[in-house]
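Bear in mind that the values here come from a model prediction, so they are computed numbers and not experimental data. Numbered from 1 within each chain, the chains take letters A, B, ... in sequence-line order.
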Amino acid sequence: MTTEDRLRELLRDPGWSLPAWPDAQKRIRRSARRQRLALTGIGTSVTAVITAAAAVPIMLLGPGRTGVGPAAGPTPGPFATPAVGAAGFTAQIYPAPAQARVMTRWLRMCPSASGLQVLGRGAAVATLSVLHEIGQPAPVRPSQEIAGARSAPAGIMQLSAVALMQQAKQNFVTSLQASDRAFWPQIVAGNGLAAVARAAQVPVLYSGPLRSSPQTFGLSDVTGVVAAGCGSRVVMDTWVIVSGRTASPARAAETFFLKRHGRVLLYNST
Amino acid sequence: MPAADQSEDSFGEFVAAALPGLLRFGHVLTGDPRTAEDLVQESLARTLRRWRSLRHENATAYVRRVMVNTHINRWRRWEARVQLGDVPDGVADDPALRRSEDWDQLRRALSRLPVRQRTVLVLRYFEDLPEAEIAQLMGCQPGTVKSQASRALAALRPLLQPEMVPGGQAP
(Lines give C-alpha, C1' and ligand atoms only; values in the text may rest on other atoms or scores of the structure.)
Protein backbone atom coordinates (compact mmCIF):
# COMPACT_ATOMS: atom_id res chain seq x y z
CA MET A 1 0.00 0.00 0.00
CA THR A 2 1.47 3.39 -0.97
CA THR A 3 1.64 6.42 1.30
CA GLU A 4 -1.09 8.06 -0.75
CA ASP A 5 -3.37 5.03 -0.47
CA ARG A 6 -2.82 4.86 3.26
CA LEU A 7 -3.65 8.55 3.61
CA ARG A 8 -6.76 8.10 1.49
CA GLU A 9 -7.84 5.24 3.71
CA LEU A 10 -7.28 7.15 6.94
CA LEU A 11 -9.05 10.23 5.63
CA ARG A 12 -12.06 7.99 5.04
CA ASP A 13 -11.94 6.48 8.52
CA PRO A 14 -15.36 6.50 10.22
CA GLY A 15 -13.73 8.54 12.97
CA TRP A 16 -14.35 11.68 10.92
CA SER A 17 -18.11 11.19 10.96
CA LEU A 18 -20.12 13.57 13.09
CA PRO A 19 -23.70 13.15 14.22
CA ALA A 20 -26.19 14.98 12.00
CA TRP A 21 -28.19 17.76 13.62
CA PRO A 22 -31.79 16.96 14.49
CA ASP A 23 -32.70 20.63 14.08
CA ALA A 24 -30.67 21.26 10.93
CA GLN A 25 -33.27 23.38 9.12
CA LYS A 26 -33.88 25.64 12.09
CA ARG A 27 -30.18 26.04 12.69
CA ILE A 28 -29.36 26.94 9.11
CA ARG A 29 -32.26 29.36 8.77
CA ARG A 30 -31.25 31.12 12.00
CA SER A 31 -27.71 31.41 10.72
CA ALA A 32 -28.87 32.71 7.33
CA ARG A 33 -31.01 35.28 9.08
CA ARG A 34 -28.04 36.44 11.17
CA GLN A 35 -25.96 36.74 8.02
CA ARG A 36 -28.67 38.81 6.39
CA LEU A 37 -28.97 41.08 9.41
CA ALA A 38 -25.23 41.56 9.59
CA LEU A 39 -25.27 42.62 5.97
CA THR A 40 -28.35 44.80 6.31
CA GLY A 41 -26.47 47.19 8.54
CA ILE A 42 -24.09 48.08 5.77
CA GLY A 43 -26.53 47.89 2.97
CA THR A 44 -24.65 45.11 1.18
CA SER A 45 -27.45 42.62 1.11
CA VAL A 46 -29.96 45.26 0.26
CA THR A 47 -28.07 46.63 -2.69
CA ALA A 48 -30.50 45.08 -5.12
CA VAL A 49 -33.45 46.34 -3.14
CA ILE A 50 -31.92 49.77 -2.86
CA THR A 51 -31.60 49.83 -6.61
CA ALA A 52 -35.32 49.25 -6.85
CA ALA A 53 -35.88 52.15 -4.49
CA ALA A 54 -33.43 54.44 -6.19
CA ALA A 55 -36.08 57.06 -6.64
CA VAL A 56 -36.35 57.58 -2.89
CA PRO A 57 -34.59 60.81 -2.02
CA ILE A 58 -32.33 60.25 0.93
CA MET A 59 -30.27 62.83 2.64
CA LEU A 60 -28.43 60.98 5.32
CA LEU A 61 -25.79 63.25 6.67
CA GLY A 62 -25.91 66.24 4.43
CA PRO A 63 -23.64 66.39 1.44
CA GLY A 64 -20.95 63.71 1.63
CA ARG A 65 -18.10 66.10 1.32
CA THR A 66 -15.18 64.23 2.69
CA GLY A 67 -14.00 60.73 3.31
CA VAL A 68 -13.08 58.97 6.47
CA GLY A 69 -9.56 60.19 6.78
CA PRO A 70 -6.34 60.85 5.05
CA ALA A 71 -6.15 57.40 3.52
CA ALA A 72 -9.69 57.15 2.27
CA GLY A 73 -11.44 58.70 -0.63
CA PRO A 74 -14.85 60.30 -0.43
CA THR A 75 -17.81 58.03 0.16
CA PRO A 76 -20.59 59.62 -1.82
CA GLY A 77 -24.18 58.51 -1.79
CA PRO A 78 -26.55 57.73 1.03
CA PHE A 79 -23.82 56.08 3.06
CA ALA A 80 -21.58 59.14 3.13
CA THR A 81 -19.31 59.66 6.10
CA PRO A 82 -19.39 63.10 7.73
CA ALA A 83 -16.44 65.47 7.52
CA VAL A 84 -14.29 66.23 10.54
CA GLY A 85 -16.25 68.67 12.68
CA ALA A 86 -19.59 67.99 10.95
CA ALA A 87 -22.75 68.39 13.00
CA GLY A 88 -23.14 65.52 15.46
CA PHE A 89 -19.52 64.45 15.01
CA THR A 90 -17.39 66.96 16.90
CA ALA A 91 -13.71 67.03 16.07
CA GLN A 92 -12.94 66.62 19.76
CA ILE A 93 -14.55 63.16 19.92
CA TYR A 94 -14.14 62.17 16.28
CA PRO A 95 -10.75 63.57 15.21
CA ALA A 96 -9.14 62.49 11.94
CA PRO A 97 -7.43 59.10 12.13
CA ALA A 98 -3.91 58.36 10.92
CA GLN A 99 -2.56 55.64 8.71
CA ALA A 100 -0.92 52.84 10.66
CA ARG A 101 2.87 53.15 10.63
CA VAL A 102 3.09 49.42 10.05
CA MET A 103 0.06 48.12 8.21
CA THR A 104 -1.34 44.62 8.50
CA ARG A 105 -4.39 43.04 6.94
CA TRP A 106 -6.52 44.03 9.91
CA LEU A 107 -4.87 47.24 11.07
CA ARG A 108 -4.64 49.95 8.46
CA MET A 109 -5.90 53.03 10.28
CA CYS A 110 -5.13 54.19 13.80
CA PRO A 111 -7.24 56.31 16.09
CA SER A 112 -5.88 59.73 16.92
CA ALA A 113 -4.16 59.83 20.33
CA SER A 114 -5.83 63.16 21.02
CA GLY A 115 -8.08 63.17 24.07
CA LEU A 116 -7.61 59.49 24.90
CA GLN A 117 -8.45 58.36 28.41
CA VAL A 118 -7.79 55.09 30.21
CA LEU A 119 -10.84 52.84 30.29
CA GLY A 120 -11.31 51.87 33.89
CA ARG A 121 -14.29 51.37 36.16
CA GLY A 122 -17.44 50.47 34.26
CA ALA A 123 -15.53 49.83 31.04
CA ALA A 124 -16.65 46.20 30.74
CA VAL A 125 -20.30 47.21 30.63
CA ALA A 126 -19.72 50.28 28.45
CA THR A 127 -17.66 48.43 25.84
CA LEU A 128 -20.10 45.52 25.70
CA SER A 129 -22.92 47.98 25.19
CA VAL A 130 -21.07 49.55 22.23
CA LEU A 131 -20.34 46.10 20.81
CA HIS A 132 -24.03 45.22 20.86
CA GLU A 133 -25.08 48.62 19.60
CA ILE A 134 -23.03 48.09 16.45
CA GLY A 135 -23.12 44.32 16.22
CA GLN A 136 -26.80 43.74 16.87
CA PRO A 137 -28.57 46.76 15.46
CA ALA A 138 -32.33 46.97 15.59
CA PRO A 139 -33.38 44.35 13.03
CA VAL A 140 -35.70 44.86 10.13
CA ARG A 141 -39.09 43.39 10.92
CA PRO A 142 -39.32 39.88 9.43
CA SER A 143 -42.40 40.77 7.45
CA GLN A 144 -40.50 43.59 5.76
CA GLU A 145 -37.52 41.40 5.08
CA ILE A 146 -39.57 38.55 3.69
CA ALA A 147 -41.65 40.87 1.58
CA GLY A 148 -38.48 42.24 0.07
CA ALA A 149 -36.83 38.91 -0.46
CA ARG A 150 -39.64 36.93 -2.00
CA SER A 151 -41.69 37.53 -5.01
CA ALA A 152 -44.25 40.16 -4.11
CA PRO A 153 -46.31 42.77 -5.91
CA ALA A 154 -44.22 45.71 -7.07
CA GLY A 155 -45.79 48.13 -4.56
CA ILE A 156 -44.96 45.94 -1.57
CA MET A 157 -41.50 45.36 -2.93
CA GLN A 158 -40.89 49.08 -3.11
CA LEU A 159 -42.29 49.71 0.37
CA SER A 160 -40.07 47.05 1.87
CA ALA A 161 -37.13 48.48 -0.02
CA VAL A 162 -37.73 51.86 1.58
CA ALA A 163 -38.05 50.27 5.02
CA LEU A 164 -34.84 48.33 4.52
CA MET A 165 -33.07 51.41 3.29
CA GLN A 166 -34.18 53.45 6.30
CA GLN A 167 -33.10 50.67 8.62
CA ALA A 168 -29.74 50.38 6.93
CA LYS A 169 -29.27 54.17 7.15
CA GLN A 170 -30.11 54.17 10.81
CA ASN A 171 -27.71 51.30 11.50
CA PHE A 172 -25.01 53.06 9.52
CA VAL A 173 -25.30 56.29 11.52
CA THR A 174 -25.42 54.37 14.81
CA SER A 175 -22.25 52.54 13.82
CA LEU A 176 -20.46 55.78 12.95
CA GLN A 177 -21.51 57.38 16.24
CA ALA A 178 -20.27 54.43 18.28
CA SER A 179 -16.92 54.09 16.57
CA ASP A 180 -13.72 56.01 15.97
CA ARG A 181 -12.97 57.32 12.50
CA ALA A 182 -10.22 54.70 12.25
CA PHE A 183 -12.99 52.09 11.96
CA TRP A 184 -15.12 53.99 9.45
CA PRO A 185 -13.38 52.64 6.34
CA GLN A 186 -14.27 49.15 7.55
CA ILE A 187 -17.86 50.19 8.11
CA VAL A 188 -18.08 51.63 4.62
CA ALA A 189 -16.37 48.59 3.11
CA GLY A 190 -18.71 46.29 5.00
CA ASN A 191 -16.23 43.88 6.51
CA GLY A 192 -16.09 45.81 9.78
CA LEU A 193 -19.74 45.47 10.64
CA ALA A 194 -19.77 41.81 9.70
CA ALA A 195 -16.84 41.22 12.07
CA VAL A 196 -18.54 43.10 14.90
CA ALA A 197 -21.79 41.23 14.27
CA ARG A 198 -19.93 37.94 14.56
CA ALA A 199 -18.32 39.10 17.80
CA ALA A 200 -21.65 40.22 19.24
CA GLN A 201 -23.29 36.86 18.63
CA VAL A 202 -20.98 34.79 20.81
CA PRO A 203 -20.10 34.88 24.51
CA VAL A 204 -17.35 37.11 25.88
CA LEU A 205 -14.24 35.14 26.81
CA TYR A 206 -12.22 38.12 28.04
CA SER A 207 -12.86 41.80 28.57
CA GLY A 208 -10.09 44.03 29.86
CA PRO A 209 -7.14 46.25 29.05
CA LEU A 210 -5.17 45.01 26.05
CA ARG A 211 -1.87 45.51 27.88
CA SER A 212 -2.84 43.08 30.65
CA SER A 213 -4.71 40.52 28.58
CA PRO A 214 -3.88 36.87 29.27
CA GLN A 215 -1.70 34.90 26.88
CA THR A 216 -4.49 32.37 26.32
CA PHE A 217 -5.89 34.24 23.35
CA GLY A 218 -2.63 35.02 21.61
CA LEU A 219 -3.08 38.72 22.26
CA SER A 220 0.59 39.39 22.84
CA ASP A 221 1.01 39.37 19.06
CA VAL A 222 -1.93 41.72 18.67
CA THR A 223 -0.44 44.08 21.22
CA GLY A 224 2.77 44.13 19.21
CA VAL A 225 0.88 44.90 16.00
CA VAL A 226 -1.07 47.76 17.60
CA ALA A 227 2.09 49.14 19.21
CA ALA A 228 4.01 49.02 15.93
CA GLY A 229 1.14 50.47 13.92
CA CYS A 230 -0.38 53.02 16.27
CA GLY A 231 2.10 53.57 19.09
CA SER A 232 2.28 52.59 22.74
CA ARG A 233 -0.16 55.30 23.85
CA VAL A 234 -2.97 53.62 21.91
CA VAL A 235 -2.00 50.22 23.37
CA MET A 236 -2.08 51.63 26.91
CA ASP A 237 -5.56 53.03 26.37
CA THR A 238 -7.05 50.08 24.49
CA TRP A 239 -9.71 47.85 25.97
CA VAL A 240 -10.28 44.53 24.20
CA ILE A 241 -13.18 42.12 24.16
CA VAL A 242 -12.34 38.58 23.04
CA SER A 243 -15.47 36.68 22.13
CA GLY A 244 -16.15 33.14 20.98
CA ARG A 245 -17.58 29.88 22.13
CA THR A 246 -14.15 28.40 22.65
CA ALA A 247 -10.62 29.69 22.47
CA SER A 248 -10.44 28.00 19.08
CA PRO A 249 -8.84 30.46 16.64
CA ALA A 250 -11.45 29.93 13.98
CA ARG A 251 -14.21 31.00 16.29
CA ALA A 252 -12.90 33.81 18.46
CA ALA A 253 -13.14 37.49 17.59
CA GLU A 254 -11.48 40.52 19.08
CA THR A 255 -12.91 43.99 19.29
CA PHE A 256 -10.90 47.03 20.35
CA PHE A 257 -12.17 50.09 22.16
CA LEU A 258 -10.89 53.42 23.42
CA LYS A 259 -12.33 56.27 25.40
CA ARG A 260 -12.07 59.84 24.22
CA HIS A 261 -13.41 62.77 26.23
CA GLY A 262 -15.65 60.42 28.16
CA ARG A 263 -17.06 58.58 25.15
CA VAL A 264 -16.34 54.88 24.53
CA LEU A 265 -15.65 54.16 20.85
CA LEU A 266 -14.92 50.98 18.95
CA TYR A 267 -11.89 51.31 16.72
CA ASN A 268 -11.21 47.84 15.30
CA SER A 269 -12.57 44.35 15.09
CA THR A 270 -11.05 41.22 13.70
CA MET B 1 -47.55 24.76 -4.57
CA PRO B 2 -45.93 28.24 -4.56
CA ALA B 3 -42.40 28.47 -5.93
CA ALA B 4 -41.01 29.67 -2.59
CA ASP B 5 -42.42 26.62 -0.75
CA GLN B 6 -41.06 24.28 -3.41
CA SER B 7 -37.69 25.94 -3.08
CA GLU B 8 -37.76 25.55 0.73
CA ASP B 9 -38.75 21.91 0.40
CA SER B 10 -35.96 21.19 -2.03
CA PHE B 11 -33.44 22.89 0.25
CA GLY B 12 -34.69 20.80 3.19
CA GLU B 13 -34.32 17.63 1.16
CA PHE B 14 -30.86 18.65 0.07
CA VAL B 15 -29.75 19.32 3.66
CA ALA B 16 -31.16 16.02 4.91
CA ALA B 17 -29.25 14.11 2.25
CA ALA B 18 -26.00 16.08 2.20
CA LEU B 19 -25.49 16.99 5.87
CA PRO B 20 -23.65 13.83 7.04
CA GLY B 21 -21.19 14.09 4.16
CA LEU B 22 -20.70 17.81 4.65
CA LEU B 23 -20.06 17.40 8.38
CA ARG B 24 -17.54 14.70 7.65
CA PHE B 25 -15.84 16.85 5.03
CA GLY B 26 -15.81 19.78 7.48
CA HIS B 27 -14.28 17.62 10.17
CA VAL B 28 -11.51 16.38 7.87
CA LEU B 29 -10.91 19.93 6.66
CA THR B 30 -10.78 21.64 10.06
CA GLY B 31 -9.76 18.80 12.36
CA ASP B 32 -12.15 19.99 15.04
CA PRO B 33 -15.77 18.86 15.37
CA ARG B 34 -17.06 22.18 16.73
CA THR B 35 -15.28 24.23 14.12
CA ALA B 36 -16.56 21.81 11.49
CA GLU B 37 -20.16 22.25 12.62
CA ASP B 38 -19.71 26.00 12.65
CA LEU B 39 -18.26 25.92 9.15
CA VAL B 40 -21.01 23.69 7.76
CA GLN B 41 -23.71 25.82 9.33
CA GLU B 42 -22.28 29.05 7.97
CA SER B 43 -21.77 27.57 4.51
CA LEU B 44 -25.26 26.08 4.33
CA ALA B 45 -26.73 29.40 5.45
CA ARG B 46 -24.89 31.13 2.62
CA THR B 47 -26.12 28.49 0.23
CA LEU B 48 -29.69 28.96 1.42
CA ARG B 49 -29.47 32.64 0.61
CA ARG B 50 -28.55 31.75 -2.98
CA TRP B 51 -30.60 28.56 -3.26
CA ARG B 52 -33.08 29.79 -5.83
CA SER B 53 -30.36 30.76 -8.29
CA LEU B 54 -28.28 27.63 -7.76
CA ARG B 55 -28.23 24.62 -10.05
CA HIS B 56 -29.36 22.05 -7.54
CA GLU B 57 -27.51 19.14 -9.10
CA ASN B 58 -24.25 20.95 -8.25
CA ALA B 59 -25.31 22.06 -4.80
CA THR B 60 -23.03 19.75 -2.82
CA ALA B 61 -19.99 20.83 -4.79
CA TYR B 62 -21.05 24.44 -4.30
CA VAL B 63 -21.33 24.06 -0.50
CA ARG B 64 -17.96 22.35 -0.35
CA ARG B 65 -16.42 25.20 -2.31
CA VAL B 66 -17.97 27.70 0.12
CA MET B 67 -16.60 25.65 3.01
CA VAL B 68 -13.08 25.61 1.60
CA ASN B 69 -13.10 29.34 0.88
CA THR B 70 -14.59 30.22 4.25
CA HIS B 71 -12.11 28.02 6.04
CA ILE B 72 -9.12 29.50 4.23
CA ASN B 73 -10.39 33.05 4.71
CA ARG B 74 -10.89 32.52 8.42
CA TRP B 75 -7.37 31.28 8.74
CA ARG B 76 -6.00 34.14 6.70
CA ARG B 77 -7.13 36.43 9.47
CA TRP B 78 -5.41 34.35 12.10
CA GLU B 79 -2.42 32.61 10.61
CA ALA B 80 -0.06 35.54 11.12
CA ARG B 81 -0.44 35.41 14.86
CA VAL B 82 -1.78 32.05 15.92
CA GLN B 83 0.62 29.28 16.67
CA LEU B 84 -0.56 25.84 15.83
CA GLY B 85 -0.87 23.67 18.85
CA ASP B 86 -1.90 20.16 19.73
CA VAL B 87 -5.48 19.14 19.28
CA PRO B 88 -7.16 18.76 22.67
CA ASP B 89 -7.36 15.15 23.83
CA GLY B 90 -11.04 15.46 24.60
CA VAL B 91 -11.92 15.64 20.93
CA ALA B 92 -10.70 12.13 20.31
CA ASP B 93 -12.30 10.71 23.41
CA ASP B 94 -15.88 10.98 22.27
CA PRO B 95 -17.13 7.43 22.90
CA ALA B 96 -20.11 7.95 20.64
CA LEU B 97 -17.88 7.79 17.60
CA ARG B 98 -15.62 5.00 16.51
CA ARG B 99 -12.01 6.07 16.55
CA SER B 100 -8.95 4.14 15.54
CA GLU B 101 -5.50 4.82 16.93
CA ASP B 102 -4.09 5.41 13.45
CA TRP B 103 -6.87 7.82 12.73
CA ASP B 104 -6.14 9.73 15.90
CA GLN B 105 -2.45 9.94 15.03
CA LEU B 106 -3.26 11.23 11.59
CA ARG B 107 -5.67 13.76 13.06
CA ARG B 108 -2.96 15.13 15.29
CA ALA B 109 -0.42 15.21 12.48
CA LEU B 110 -2.87 16.99 10.17
CA SER B 111 -3.55 19.57 12.85
CA ARG B 112 0.10 20.57 12.76
CA LEU B 113 0.10 21.20 9.02
CA PRO B 114 -0.42 24.73 7.66
CA VAL B 115 -4.04 25.17 6.65
CA ARG B 116 -3.30 25.35 2.91
CA GLN B 117 -1.31 22.12 2.94
CA ARG B 118 -4.00 20.39 4.89
CA THR B 119 -6.69 21.69 2.54
CA VAL B 120 -4.75 20.45 -0.48
CA LEU B 121 -4.42 16.99 1.05
CA VAL B 122 -8.10 16.82 1.88
CA LEU B 123 -9.17 17.90 -1.58
CA ARG B 124 -6.67 15.58 -3.25
CA TYR B 125 -7.05 12.42 -1.17
CA PHE B 126 -10.47 12.74 0.42
CA GLU B 127 -12.32 14.42 -2.41
CA ASP B 128 -10.13 12.91 -5.17
CA LEU B 129 -10.10 16.19 -7.05
CA PRO B 130 -7.53 16.70 -9.81
CA GLU B 131 -4.78 19.25 -9.19
CA ALA B 132 -6.17 21.71 -11.71
CA GLU B 133 -9.53 21.78 -9.96
CA ILE B 134 -7.91 22.17 -6.55
CA ALA B 135 -5.86 25.06 -7.89
CA GLN B 136 -8.99 26.73 -9.21
CA LEU B 137 -10.78 26.19 -5.92
CA MET B 138 -7.94 27.59 -3.86
CA GLY B 139 -7.07 30.42 -6.21
CA CYS B 140 -3.50 29.34 -6.93
CA GLN B 141 -1.41 27.68 -9.64
CA PRO B 142 -1.46 23.88 -10.16
CA GLY B 143 2.28 23.91 -9.45
CA THR B 144 1.59 25.38 -6.03
CA VAL B 145 -0.93 22.63 -5.33
CA LYS B 146 1.65 20.03 -6.32
CA SER B 147 4.35 21.51 -4.09
CA GLN B 148 1.99 21.98 -1.13
CA ALA B 149 0.83 18.36 -1.45
CA SER B 150 4.37 17.14 -1.71
CA ARG B 151 5.46 19.05 1.42
CA ALA B 152 2.43 17.88 3.35
CA LEU B 153 2.97 14.27 2.34
CA ALA B 154 6.62 14.50 3.32
CA ALA B 155 5.58 15.74 6.75
CA LEU B 156 3.08 12.92 7.17
CA ARG B 157 5.18 10.15 5.63
CA PRO B 158 6.71 8.91 8.91
CA LEU B 159 3.16 8.34 10.14
CA LEU B 160 2.07 6.56 7.02
CA GLN B 161 4.93 4.08 6.81
CA PRO B 162 4.16 0.37 6.35
CA GLU B 163 4.64 -0.42 10.05
CA MET B 164 1.39 1.38 10.70
CA VAL B 165 -0.41 -0.92 8.32
CA PRO B 166 -1.62 -4.08 9.96
CA GLY B 167 0.67 -6.83 8.80
CA GLY B 168 2.97 -4.34 7.06
CA GLN B 169 6.76 -4.59 7.11
CA ALA B 170 9.02 -1.88 8.45
CA PRO B 171 11.70 -0.87 5.97
Side-chain angles (χ1 to χ4, degrees), chain A residues 1-22 24-25 27-36 39 45 104-106 146 149-152 191 195 198 202 217-225 244-254 269-270, chain B residues 2-4 11-12 15-16 19-20 23-28 30 32-42 44-49 71 74-78 80-83 92 96-100 102-107 121-122 124-126 128 153 156-157 160-162 164-165 168:
Chain A
M1 183 183 277
T2 65
T3 304
E4 284 88 346
D5 291 339
R6 180 69 183 138
L7 178 60
R8 206 169 263 126
E9 186 184 86
L10 282 173
L11 286 174
R12 287 168 184 167
D13 188 286
W16 296 109
S17 298
L18 294 173
W21 312 320
Q25 288 290 325
R27 219 172 142 149
I28 294 160
R29 283 178 201 288
R30 212 167 34 224
S31 181
R33 182 168 159 70
R34 275 200 301 265
Q35 286 176 5
R36 267 201 301 271
L39 291 172
S45 69
T104 67
R105 277 193 291 267
W106 63 275
I146 289 165
R150 292 182 184 168
S151 54
N191 54 342
R198 275 197 300 274
V202 286
F217 304 108
L219 291 180
S220 54
D221 292 349
V222 178
T223 310
V225 171
R245 289 189 188 87
T246 69
S248 160
R251 305 195 70 165
E254 294 146 11
S269 185
T270 182
Chain B
F11 183 74
V15 170
L19 187 58
L23 282 168
R24 192 181 162 92
F25 177 64
H27 193 189
V28 181
T30 64
D32 175 62
R34 281 175 298 228
T35 311
E37 289 195 346
D38 197 33
L39 183 64
V40 171
Q41 181 179 313
E42 187 178 335
L44 281 172
R46 283 187 194 190
T47 307
L48 172 61
R49 288 168 42 218
H71 182 55
R74 277 180 180 179
W75 271 93
R76 267 193 200 123
R77 291 193 297 126
W78 286 89
R81 53 194 168 81
V82 174
Q83 289 186 335
L97 300 169
R98 186 161 73 80
R99 315 289 199 196
S100 74
D102 290 351
W103 169 81
D104 195 44
Q105 270 190 303
L106 176 74
R107 183 182 64 94
L121 283 191
V122 171
R124 184 79 191 85
Y125 298 106
F126 180 81
D128 280 330
L153 272 179
L156 295 181
R157 192 155 281 128
L160 303 167
Q161 290 301 306
M164 273 185 69
V165 184

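Contacts between B:Leu44 and chain A at a heavy-atom distance below 4.5 Å involve backbone atoms as well as side-chain atoms. Proximity to chain B (any heavy atom under 4.5 Å) is shown, for A:Arg30, by neither the backbone nor the side chain. Looking at B:Ala36, the atoms closer than 4.5 Å to chain A (heavy atoms on both sides) all sit in the side chain, from C-beta outward. Interface remark: A:Glu4 contributes backbone and side-chain atoms alike to the contact with chain B (heavy atom separation under 4.5 Å).
With A:Trp16 contributing its side chain and A:Leu10 its backbone, the two residues share a donor-acceptor pair below 3.5 Å. Under a 3.5 Å cut-off, the side chain of A:Arg6 and the backbone N or O of B:Arg157 do not form any donor-acceptor pair.
For the atom pair CZ (B:Arg34) and CG (B:Leu39), the distance works out to 15.0 Å, reported to the nearest 0.5 Å. The distance from atom CD of B:Gln41 to atom CD1 of A:Ile28, rounded to the nearest 0.5 Å, is 7.5 Å.
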Inset, instruction - Using the side-chain contact (heavy atoms from CB on, under 4.5 Å) rule, take B:Leu23 and A:Trp21 through it: C-alpha gap first, then chi angles, then the decisive distance, then the call. - result: CA-CA 10 Å; B:Leu23 282 168; A:Trp21 312 320; 3.6 Å; yes
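Between chain A and the options B:Val28, B:Val15, B:Thr47, the largest number of non-hydrogen pairs under 4.5 Å is found for B:Val28.
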